[in-house]
Amino acid sequence: MRKVVKFGGSSLASAEQFKKVRDIILADKERKFVVPSAPGKRDADDTKVTDMLYACYDLAEQGKDFKTQMQAIKTRYQEIIDGLELKLSLDDEFKVIEKNFKDKAGSDYAASRGEFLNGIIMANYLGYEFVDAAEVIRFDENGEFEAEITNDRLKERLDGMESAVIPGFYGAYEDGKVKTFSRGGSDITGSIVARAIKANVYENWTDVSGVLIADPHIIYKPEGIETITYKELRELSYMGFGVLHEDAIFPVRREGIPINIRNTNAPEDSGTWIVESTCQKSKYVITGIAGKKGFCAVNIDKDMMNSEIGFGRKVLQAFEENGISFEHVPSGIDTMTVFVHQDEFMHKEQQVVSGIHRLAEPDRIDIEADLALIAVVGRGMKSTRGTAGRIFSALAHSNVNVKMIDQGSSELNIIIGVANSDFETAIKAIYDIFVRIQI
Ligand code: ASP
């Protein structure tokens, strides 16, 4: 039985945090494959090393002097090395990095050095082998992650290894040029490694004791979630749940490997389990609530729309032609609404409107801005009657006007559209009716 353990930036921000991480790893002999992030913030006013690297590289790219900024990065690592009393020098690595910065190796290369260097320290500290992610994680020429090639290479490379440290966040194109995932991408690396070694668990260690039912910035001390399915988490991540990178689910999902979100600062907490499927009922009908502001609704009316074959396709074509992706498309008999991101849509709205007129010949188009979408997600909704009714009555009691409601056929989620200004009130009302006041 082998576990992959990924540690986020705040878990590795200082020597003190590194010590906690080592204690966690040594406490379970199955924790043999480690994926570190770059050092994160030590306190609220601190800067993540990844951000320091981006800023430093910006100067290098403009041909400006970047010594001071590079020195600050060196100091961050040296403090960790000294605090752990390691006999390790990163001088050679920094020489190469400085040269590559001068040669303008790219901002992906620059950012990736945060994980690369932290990986070297971690491997040295644990006595584990270091495997450079650039050798095993592949991207194609369009920058798309190559799942199968990576899986084969990783399997081959890690085969027979007792233990290893594989830095998170980056890989490389076939020619060796470094490419990163999007921000927070070390979560994806952890998942890729877990799939390759067929781990029994992918432990993702962070600074919270698991996934919360709702955003703590909106709900005061929301309850945590014990078990959530991949599908539920995917719905919630898409709507802004920040715990795990939204793409981190795919690699482990293929092998049905559960993810356990844990807290480095409270290792005794069991955290949240993210699983393929479970017979465990969630404590409440809903598992989680998440949402985002900043949407526009484009309402299209046309008499007899319902009987016109191809109407929807023509409308959506106008969005496609302008490179705009849509979020939801609720429809009525003579009306269809397309929800889009306001910031993407704003600059192209008139092209889209004229495109719809040209392609679909509607009677009327009406645009409504400043809307928010809220996803209420829960595997328990399928077997419970009246969920939508409870949401509606809670929102009505809080004077929130519901602009749209859309229930997926999987009965796993209900999406609600409200005005941006009603967003927080709506989330509070939904949380209260399902979690605080149980009927
Ligand atoms: N260090 C990178 C970031 O700050 C990746 C990660 O931490 O997952 O986004």
Side-chain angles (χ1 to χ4, degrees), residues 4-14 17-18 20-21 33-58 69-70 72-74 76-77 80 90 93 97 101 105-123 130-134 136-137 139 143 145 150 165-172 178-195 202-208 211 233 237 240-252 259-265 274:
V4 169
V5 282
K6 180 260 165 179
F7 292 91
S10 58
S11 303
L12 297 167
S14 63
Q17 290 297 89
F18 262 75
K20 289 186 195 169
V21 164
F33 291 85
V34 183
V35 175
S37 282
K41 292 183 181 196
R42 290 161 293 187
D43 53 60
D45 302 322
D46 204 8
T47 310
K48 286 175 157 202
V49 165
T50 308
D51 292 317
M52 294 169 85
L53 284 159
Y54 277 125
C56 183
Y57 184 73
D58 259 0
Q69 285 69 15
M70 188 59 87
I73 296 166
K74 283 184 190 168
R76 287 282 315 252
Y77 286 105
I80 296 174
L90 294 178
E93 280 76 14
I97 292 170
F101 269 46
S107 62
D108 277 18
Y109 167 80
S112 75
R113 297 304 87 183
E115 274 67 13
F116 174 77
L117 296 168
N118 233 17
I120 294 177
I121 298 179
M122 180 63 90
F130 175 78
V131 175
D132 187 355
V136 278
I137 295 187
F139 291 89
F145 167 58
T150 298
V165 173
I166 306 107
F169 190 38
Y170 70 94
V178 168
K179 159 103 183 91
T180 61
F181 291 107
S182 56
R183 296 297 302 263
S186 299
D187 286 339
I188 309 174
T189 312
S191 183
I192 293 168
V193 176
R195 176 186 173 203
Y202 167 27
E203 288 182 348
N204 188 295
W205 292 81
T206 169
D207 52 8
V208 288
V211 186
L233 187 72
S237 312
F241 240 48
V243 189
L244 196 71
H245 192 293
E246 60 173 308
D247 294 340
I249 289 169
F250 299 115
V252 282
I259 307 173
N260 188 197
I261 308 274
R262 301 285 290 267
N263 188 348
T264 301
N265 304 317
I274 305 165

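Indexing begins at 1, ligand by ligand and atom by atom, following the structure's order.
Panel note: side chain Ser237, backbone Glu246; no donor-acceptor pair is recorded below 3.5 Å. Under a 3.5 Å cut-off, the side chain of Gln17 and the backbone N or O of Ser10 do form a donor-acceptor pair. Between the side chain of Asp187 and the main chain of His245, a donor-acceptor pair closer than 3.5 Å is present.
Contact atoms of ligand 1 toward Arg183: 3 (C), 4 (O), 9 (O) (distance under 4.0 Å to a heavy atom of the residue). Near Thr50, meaning under 4.0 Å from any of its heavy atoms, are these atoms of ligand 1: 1 (N), 2 (C), 3 (C), 4 (O). Less than 4.0 angstrom separates some heavy atom of Glu115 from each of these atoms of ligand 1: 1 (N), 2 (C), 5 (C), 6 (C), 7 (O).
Checked against a 6.0 Å centroid threshold, the rings of Tyr170 and Phe181 do not count as neighbours.
Taking any N or O of Phe169, backbone or side chain, none lies under 3.5 Å from an N or O belonging to ligand 1. For Lys6, no nitrogen or oxygen atom sits less than 3.5 Å from a nitrogen or oxygen atom of ligand 1, counting backbone and side chain alike.
Given atom 6 (C) of ligand 1, the protein heavy atom at minimum distance is Ser186 OG, 3.4 Å. Distance from atom 7 (O) of ligand 1 to its nearest protein heavy atom, with residue and atom name: Ser37 OG, 3.2 Å.
Note: Phe101 and Tyr109 have perpendicular aromatic rings, judged against thresholds of 30 and 60 degrees for the angle between ring planes.
Residue contact annotation: Gly114 has no non-hydrogen atom under 4.0 Å from ligand 1. For Gly168, the closest heavy-atom approach to ligand 1 does not fall below 4.0 Å. Residue-ligand proximity: His245 is placed with every non-hydrogen atom at 4.0 Å or more from ligand 1.
Looking at Val131 and Val136, their side chains come closer than 4.5 Å, going by heavy atoms from C-beta outward.
Closest heavy-atom contact between Ala194 and Val252: CB-CG1, 3.8 Å.
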